[in-house]
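The structure appears right after this line, and notes come after that.
So you know, we letter chains A, B, ... as the sequences are listed, proteins then strands, and number each from 1.
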Amino acid sequence: MPYIPHTPEQTQEMLKVVGVASLEALFQDIPASMRPRSFNLPDGMSEHAVCARLEELARANKTDVISFLGGGFYDHHIPAIVDALSSRGEFLTAYTPYQAEASQGSLQAIFEYQTAVCRLLDMDCANASVYDGGSALFEACMMAVRATKRSRLVVDECLSPIYRTMLATYTTNLQLELVTVPHGGGVSNVQALVDAMDDRTAAMVVQNPTFFGTIHDYTALFAQAKAKGVVSVLAAYPVLQSILKTPGQMGADVAVAEGQSLGLPLSFGGPYLGIMTCSRDLVRQMPGRIVGRTVDHQGRTGYVLTLQAREQHIRRAKATSNICSNQALCAFRAYVTLCVLGPQGLARMAEDAVDKAHYAATRLAALPGVRLLADAPFGNEFAVVLPKNAHEVVDKCASRGLVPGFPLGGYYAGMEHVLLVACTEKTSREQIGHLAEMVGGML
Amino acid sequence: MRTIFAKSVPGRAGTLPDAPAAPAAAHLPQDLLRPAAPRLPEVSELDVMRHVSELSRRNFGVDTNFYPLGSCTMKYNPRFMEYVASLDGFTKLHPLMAQLRGAGHFTQGALEVLYETERLLCEITGMAAFTLHPMAGAHGELTGVMCIAAYHRDKGNHKTKVICPDSAHGTNPATAALAGYDVVNIASVDGMIDPEHLENALDDDVAAVMMTCPNTLGLFEHHLDRIVALTHAKDALLYYDGANLNAILGKMRVGDVGFDVVHLNLHKTFATPHGAGGPGAGPVGVAERLAPFLPISRVVKLKDGRFFLDYDYPKSIGYMAPFYGNFGVVLKAYAYILRQGREGLTRVSEYAVLNANYMRKRLESHVEIPYDRICMHEFVASAVAQAKRGVKALDVAKALLDKGHHAPTVYFPLIVKECLMFEPTETESRETLDRFVDDLIDILTLAESDPAALQHAPHTTPVGRLDETKAARDMILTDDA
Ligand SMILES: Cc1ncc(COP(=O)(O)O)c(C=O)c1O
């Protein structure tokens, strides 16, 4: 019996102790009328057979392509130590650290994770993670709604369309007004964002770099927000954050990020990591687990889950969120990644990716009829306008084993010709050469 | 133990990538750049390895200790599942690849995993359709309740309330509130939902009744038939919190008995590891009439056997996840279901229930068990008698840590005073259960003779009981605070 250690004799002895004649008798409370109408599952398989089946399915995916896909989710190198440490059973097979004395390892790791992401984003407080960057943005908006007791959310159209559709879904039943301020050709229209704020506005939501890869300084916008009593929310990109002006410096009240770029494989969409940080005055509005430092009765330093009065297991319907399980092991991987790369390693990763993206942009923009969408600073990702439908170009290139980027026509009306191209430190100049040649050949 | 930041040595580097050909300043104006590098630890790779290995020794996990934490299903996590989820063909797959028209053939294996997992979960639960997008149980609850809200809106119903029994997990009422509903609590009677109370609370404003069955006391609801009939008579829907599905695999299917929506915790019933708090996965199954409201995208199998993502569901609630859910977790659960098969899954429930009842029987003469009858996969004891002598449930829990066992759940369910909620799971041997019960009996005996001895437990852990009040007051949430 896979993973069930009972011998037949033990089963009989245990049934006797319980006082029933058979395993089936343990289910006497379920009347015959409620028994399954069918339970038509396949027979079990050996470990070998299951692995072989999944290996076959894995092979049915094509991953040996040259890819310039990004869109907020990037193929950065994952140091081998990350897998080595995150597969340790002491972390992998633990539950949420409710029993602090038996969970100091997890708790201190989360505390150090909180410290690391706060230092990266230049913010005061972090939680132990939420599901992903999109749910982090929603939770950030809800923090703003509670803190301001206002109900209007102003969102930059440069914010990832993936997050904007998630925000629209999550707010469906909450009597919140979602206002989207159109982008100005791949950059934020800061004046329009300022004008969109009124005295009912709870949050101003922007992203840096934007979905188009462009880089902004939102300091002035956030100052205006502050003056109007609006909470400023910034979505960041952790790897690039090692070199970019920080959310804290710009005056953001809440900074969130998709943490995938820190040690998490792309893995077809998850599990990823919602990083959430905020200024100290908003910490009681923060959802999810938060670890704090304290002492035991002998004065020894230790860590506990704290400020739990915000959470569902205490406050039930009045909690700041319904979140219970989070993405702890993903946060752990991000923590190990940040430690082992250190400030130098992370900055090298970022600078190399930025340098290569600029090389790629130069090569693509040199093709006839191709131009950059925005004349603005960008990081490791940029949007180019092709003389042709970008979807068609991508499809043709893909069939030859190179995915030149993501076509934006499905996400932005009128952008049928726009291609979003991302590089990481793993991209080679040779691959960029292929990219330029292949795209050039299609035009 | 010092933090990794305290071990930082300026100038020391860990695992460095190649230096860039040109610095960022060559491409970006200075005022968009960070004036100083983030103060991340400057340590060697070995420093990280030693530090984190030392942290790991300060943790209990299923791999190291018996972990009978009620409602959490801390069963063994078979390692072939980790292997499966680490295959390059899955980990290297960019989620946007599936949204490129011309690259549909790049992701066929992954889409087949999603499709097949949905199909298997439908058969396991008797539901008509599943989404794998929700990223944890509570996220599944939100998805499910939002589908319910969309259903009522579509029908022109104006419903404002959701009923939760007082035994419900905290996420149930919190979810209903997050979906815009007022929460109505109903009191349990004899550990069960009382049909009279339910009937009184059920009016035309009720959108849904959320229930857990077996409930959080580990008891199978006696009045399920009536609850279903009463709820449906008001055009309200029945939500099943499937965190306890591991008790009824092959014994009852929630779809067959009339539930409209269910979420499952793959990180409980289907043995994916909890990872010290996550990630999990909380797929949601629905009855036919709710299928149009499920989140998009949905995986469809074409006549020629190929799979594709379909976004054309105009009544869908929209996007709960950036892509297709916690795919890596779904993969592990899929592998586990294939490994166990029909008989294996049925056995999971049988032995989970056997182990719980065996522990209950062995303990019943030593501690009060408020609802002492055949239980399902878990049961709840009460330390009220011990508390009168000054030994609270929490003290018992801490004393168990000293014996090398993880504690049971003590903060929930709220309807039992001084509760101790035990869930042994099917993967534990009789010897482990006996050792645990013997140790617990020793503790309960000590509670009679020397209560003070327990009030300061644990003694063998890296730290003793921690000052939670101080933590909340000082709010030291980072190494910089
Ligand atoms: C009965 C019950 N419902 C819901 C949940 C929430 O699940 P999750 O932690 O995955 O969000 C849990 C788990 O803690 C539970 O035990």
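Note on A:Arg293 versus B:Asp479: salt bridge recorded, some NZ/NE/NH1/NH2 to OD/OE distance being below 4.0 Å. Using a cutoff of 4.0 Å between basic side-chain nitrogens and carboxylate oxygens, A:Asp296 and B:Arg465 are not scored as salt-bridged.
Two residues are said to be in side-chain contact when any heavy atoms from C-beta on lie closer than 4.5 Å; B:Asn326 and A:Tyr131 fail this criterion. Within the 4.5 Å cutoff, the side chain of B:Arg347 has heavy atoms near those of the A:Pro2 side chain. The shortest distance between side-chain heavy atoms of B:Arg430 and A:Glu13 falls below 4.5 Å.
Proximity to chain B (any heavy atom under 4.5 Å) is restricted, for A:Ile290, to the side chain, taken from C-beta onward. Only the side chain of A:Leu346 comes within less than 4.5 Å of a heavy atom in chain B; its backbone stays farther off. Residue contact with chain B, scored on non-hydrogen atoms closer than 4.5 Å, involves the backbone and the side chain of A:Thr115 alike. Using a 4.5 Å cut-off between heavy atoms, A:Glu112 contacts chain B through both its backbone and its side chain. Residue contact with chain B, scored on non-hydrogen atoms closer than 4.5 Å, involves the side chain of A:Leu174 exclusively. With a threshold of 4.5 angstrom between heavy atoms, B:His406 approaches chain A through side-chain atoms but not through N, CA, C or O.
Under a cut-off of 6.0 angstrom, the local environment of CD in A:Gln175 is sparse, with at most 12 non-hydrogen atoms contributed by other residues, nucleotides or ligands.
Nearest approach of A:Pro343 to B:Pro41, heavy atoms of both residues: CD-O, 3.6 Å. Closest approach of A:Ser325 to B:His267, counting heavy atoms only: OG-NE2, 3.7 Å. Closest approach of B:Asp31 to A:Lys245, counting heavy atoms only: O-CD, 3.6 Å. What you find for B:Ala22 and A:Asp355 is that their closest heavy atoms are CB-OD1, 3.5 Å.
Note on ring orientation: taking the six-membered ring where Trp is involved, the planes of B:Tyr411 and A:His313 are perpendicular (angle over 60°, cut-offs 30° and 60°). Between A:His358 and B:His27, the ring planes are parallel. Angles under 30° get that label, and only those over 60° would be called perpendicular.
Side-chain atoms of A:Arg88 do not come within 3.5 Å of backbone N or O of B:Val52 as any donor-acceptor pair. A distance-only check finds a donor-acceptor pair linking the side chain of A:Asn61 to the backbone of B:Gly89 [under 3.5 Å]. Panel note: side chain A:Arg316, backbone B:Pro173; no donor-acceptor pair is recorded below 3.5 Å.
The closest side-chain donor-acceptor pair between B:Gln108 and A:Lys62, if any, does not fall under 3.5 angstrom. Side chains of B:Glu123 and A:Ser38: a donor-acceptor N/O pair is present below 3.5 angstrom, by distance only.
Cation-pi geometry between B:Arg58 and A:Tyr303 is not satisfied (NZ or CZ under 6.0 Å from the ring centre, within 45° of the ring normal).
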